[in-house]
Amino acid sequence: MKIHEYQAKRIFVEYGIPIPDGDVADTPEEVREITSRIGKKVVIKAQIHAGGRGKGGGVKTANSPQEAEKVAREIIGMNLITHQTGTEGKRVKRVLVEEALDVEKELYLGIVIDRSRDQEQPVIMASEAGGMEIEEVASKSPEKIIKVGANPVGSFSSFQGRKLAYGLGMDKSIVSKASKIIEMLYRIFMEKDATLIEINPFVLTRGGDLLALDAKINFDDDGLYRHPEIRELRDLDEEEPLEIEASNTGVNYIKLDGNVGCMVNGAGLAMATMDLIKLAGGAPANFLDVGGGATAERIEKAFRILTSDKNVKAILVNIFGGILRCDRVASGVIEAASKMNLNLPMVVRLQGTNVEEGRKLLEGSNLKFEVAEGLFEAAQKVVALL
Amino acid sequence: MSILLNEQSRIVIQGITGGEGSFHAREAVAFGSKLVAGVTPGKGGTDLDGIPIYNRVIDAVEKEGANASGIYVPASFAPDAILEALEAGIKLIVCMTEGIPALEMVKVKKAFKGTDSCLIGPNCPGITTPGVGKIGFMPNFIHKKGNVGVISRSGTLTYEVINMLTNLGIGQSTSVGIGGDPIVGSPFVDMLELFEADPETSLVAIIGEIGGNAEEEAAEFVKNNMSKPVVGFIAGQTAPPGKRMGHAGAIISGGKGTAAEKMKAWEDAGINVVVNPADIGKKIASILNK
């Protein structure tokens, strides 16, 4: 789960990580008030989940409360397009207003879980190349990234912070301050079940202060059950409405750009089915995993979700019945299609447990569909229906 | 022979009284598995179709000689159940549970360091050795005894592949679903190592997917250590970046973990990569018939 910068910064404050003076605002009037309270030059930052906000025109400075209000009018309500939002962009509802800092140096701090076999633990990264995307630094100048693995069974040790701080070339007067910030960042990671934390840039001011100029935290969806305070930070406006509806019914759905809607059981098979559609010359409209213990009701819901995407011109149902029985899938499909008055052409491929019963049910219904047996045959047939 | 699960395996099911646990315990028995005990704290002294149920894993080890475990308990209790099995000296621990926080698995895995116990999963369909038995929920009817080892991060896609092989008359030595989470007990490399050493396995089918670097590590191992042919497929060639494709581990992040990169790494390592998953069976048949 993703959260906004201002929400991540509130968590930083709880843990004593310094951030610039500022506040969040929903209207240009509020922006003006906050700016006059701060009493100096400010930065106004659009709050959307996607990165690349600055380049898209979602981050601007202002020298006075009046100018801040004017700038805020441009940003609030704008459709912000960045390399991460897709072409449709995201509407800005809220901005963060912060004091502009006198920056001496822009650094980078981050924590992720390193999945490689010899690590399999959180890794804390620091780099002197702040302000750039860390992936870019990693591919162009990997020597600029310093890493320290953190074994979560032990506690954080100060040397880990020192290793990074001295590695960044910091003056000894600020090393202990930096080390404390790194320790707190690690505590947030562990205590909140984060999958990624980034401060980019992590700045050193001319006055010798260290602050988190930006803040990004992603959380492990599987850890949310034990963090009600994090669940509350979810912003449904940032998510695809169909994906929200799907997650409420236990269906795993991701909207894509194609026109072949597919309903599959199992994540791996669902991905493979998308690949097959592409190989057959079509384009998948979605990823949809109906799950292992799917009921007829859930199948019906899955159908409603995938067909509410207006781009869908044909449907492929691909089920390998193990625990999930094919007859149950068939009755779910029939029920859904009849209730919804479904007119889209459809290919159904059933394999596995109770496949004969399932096929008989489908054949006995009024439903218009084509049957496929082979994996690739199914994909070819549905693409031919477009 | 086979890997991991063999004639000496004596299985205990942790969470045997739950809906999934009892259903799949019965299926496993029907498949011929030697299921010697169940464990559910508080239900000790009862039984499931005559299989004794204990409160603690250690009792199943001491009284029934259990040396392998299948875990079907909810995500919030699963790490504890894995550690209990490890502490009781169980050598093969297979956890089917989905939804365990990644940082919990990081801690659990640290506990396995220096032990000779093997963890499969979590979030996996389990392991099947045809003719011997199974732990987990792969459907019984798809398997056939033979010489192809199957390793996969997925569930139903694995069934497809096994079924495809069986329909072509090609049997399997052992099929292992290693799980779809970012941190799994045994990555591909561990399984490749076992299959390479197993005299009953003559070819390995490996099914990877987007996200992480387990496939790249497998490539490295195959290049340096495998003498047996390997056939591979990577799911998610059409997956968009930044989206979690069902499995917690299946996410392309920062441009890394794409299917294209993984397929390239496999090809460079001499793995027979198939682009179309429907061709896996045919490819394997052509290599075996050479």
Side-chain angles (χ1 to χ4, degrees), chain A residues 84 112-113 115-117 120-122 133-135 138-139 151-153 189-190 193-196 220-226 252 254 256-258 264-272 274-279 283-284 287 289 292-293 319-324 351-353 374-377 379, chain B residues 23 75-76 99-104 106-107 109-111 125 137-139 141-142 152-160 163-164 180-183 187 189 207 209-210 212-214 217 233 235-240 242-250 253-256 259 275-279:
Chain A
Q84 288 183 4
V112 291
I113 295 178
R115 289 165 66 170
S116 57
R117 225 158 65 93
E120 298 199 310
Q121 61 188 4
E133 278 197 38
I134 197 68
E135 290 85 4
S139 67
N151 183 344
V153 179
F189 193 86
M190 294 307 297
D193 275 306
T195 54
L196 174 142
D220 183 352
D221 291 346
D222 291 337
L224 290 176
Y225 77 89
R226 52 186 185 184
N252 241 316
I254 310 272
L256 304 169
D257 300 331
V264 189
N265 66 327
L269 188 57
M271 276 188 272
M274 288 157 43
D275 297 345
L276 284 159
I277 291 168
K278 183 84 184 291
L279 286 168
F287 164 94
D289 170 12
I319 300 289
F320 194 96
I323 314 148
L324 180 61
Q351 277 289 341
T353 309
L375 260 180
F376 195 43
E377 178 200 346
Chain B
F23 178 82
S76 50
I100 301 175
L103 285 171
E104 285 301 315
V106 167
K107 291 181 199 165
K109 279 214 75 178
K110 296 287 180 199
F137 41 64
M138 291 190 201
F141 67 90
I142 57 176
S152 171
R153 268 166 80 179
S154 130
T156 44
L157 181 57
T158 319
Y159 312 160
E160 282 282 359
N163 196 47
M164 209 185 286
D181 279 357
I183 305 284
V189 170
I207 301 143
E209 63 189 34
I210 54 162
N213 49 1
E217 290 174 342
F233 169 73
Q237 297 165 39
T238 45
K243 290 278 193 178
R244 167 175 158 163
M245 306 303 281
H247 290 156
S253 36
K256 285 277 170 198
V275 176
N276 185 332
D279 295 338

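Hydrogens, waters and symmetry mates are skipped; everything else that's a heavy atom, side chains included, is used. Residue numbers start from 1 in every chain, and the chains themselves are labelled A, B, ... in the order their sequence lines are given, proteins ahead of strands.
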Let me confirm one number: the CD-CD1 distance from B:Glu104 to B:Ile183, rounded to the nearest 0.5 Å.
12.5 Å
Which atom names give the shortest non-hydrogen contact between B:Tyr159 and A:Phe320, and what distance separates them?
CB-CE2, 3.4 Å
Using non-hydrogen atoms only, which part of B:Glu160 is less than 4.5 Å away from chain A: side chain, backbone, both, or neither?
both
Leading residue by heavy atom contact count with chain B [cutoff under 4.5 Å; candidates A:Gln84, A:Met190, A:Met271]
A:Met271
Atom of A:Leu279, atom of B:Pro277 and distance for their closest heavy-atom approach
CD1-CD, 4.4 Å
Looking only at non-hydrogen atoms, find the nearest pair between A:Pro152 and B:Val106 and report the distance.
CG-CG1, 3.2 Å
Residue among B:Ala259, B:Ala250, B:Ala239, B:Ala235 with most heavy-atom pairs under 4.5 Å to chain A:
B:Ala235
May I ask you to name which of B:Gly212, B:Pro182, B:Ala214, B:Ala278 has the most heavy-atom pairs under 4.5 Å with chain A?
B:Pro182
Atom group of B:Ile207 that falls short of 4.5 Å from chain A, counting heavy atoms
neither
Heavy-atom contact with chain A under 4.5 Å, split by part of B:Phe141:
side chain
Residue B:Pro187 versus chain A: region with a heavy atom under 4.5 Å:
side chain
What part of A:Gln351 is in contact with chain B, defined as an atom under 4.5 angstrom from a non-hydrogen atom: side chain, backbone, both or neither?
side chain
Pick from B:Pro139, B:Ser76, B:Gly99 with the largest number of heavy-atom pairs that fall under 4.5 Å of chain A
B:Gly99
The side-chain hydrogen bond (donor to acceptor under 3.5 Å, both in side chains) partners of B:Lys107 (sequence neighbours excluded) come to none
Which portion of A:Ala283 sits near chain B, non-hydrogen atoms under 4.5 angstrom:
neither
Sort B:Asn163 into side chain, backbone, both or neither according to what part of it lies under 4.5 angstrom from a heavy atom of chain A.
side chain
Sort A:Phe376 into side chain, backbone, both or neither according to what part of it lies under 4.5 angstrom from a heavy atom of chain B.
both
Checking heavy atoms, do the side chain of A:Asp222, its backbone, both or neither come under 4.5 Å from chain B?
both
Part of A:Asp220 within contact of chain B (heavy atom distance under 4.5 Å):
side chain
Please identify, among B:Ser152, B:Pro125, B:Ser154, the residue contributing the most non-hydrogen atom pairs under 4.5 Å to chain A.
B:Ser154
Proximity breakdown for B:Glu209 and chain A, heavy-atom pairs closer than 4.5 Å
side chain
Flag, side chain of B:Thr156 to backbone of A:Asn265, donor-acceptor distance under 3.5 Å
yes
If I measure from the heavy atoms of chain A, does B:Arg153 come under 4.5 Å with its side chain, its backbone, both, or neither?
side chain
Give a yes or no on whether the backbone of A:Leu276 and the side-chain of B:Asn276 come within a donor-acceptor separation of less than 3.5 Å.
no
Could you check which of B:Gly246, B:Pro101, B:Pro240, B:Gly236 has the highest count of heavy-atom pairs closer than 4.5 Å to chain A?
B:Pro101
For the backbone of B:Lys109 and the side chain of A:Glu120, can you confirm whether one donor and one acceptor N or O come within less than 3.5 Å of each other?
no
So with a 6.0 Å cut-off around NZ of A:Lys278, is the heavy-atom count from everything else above 12?
no
Heavy-atom distance under 4.5 Å to chain A: side chain of B:Met164, backbone, both or neither?
side chain
Give a yes or no on whether the backbone of B:Gln237 and the side-chain of A:Asp275 come within a donor-acceptor separation of less than 3.5 Å.
yes
Kindly indicate, with the supporting measurements, whether the criterion side chain to side chain contact (heavy atoms under 4.5 Å, CB included) is fulfilled by B:Leu103 and A:Ile113.
CA-CA 8 Å; B:Leu103 285 171; A:Ile113 295 178; 4.0 Å; yes
Top contributor to chain B contacts, counting heavy-atom pairs under 4.5 Å, from A:Pro284, A:Gly352, A:Ala138:
A:Gly352
Hey, is the main chain of A:Asp193 close enough, under 3.5 Å, to the side chain of A:Arg226 for a donor-acceptor pair?
no
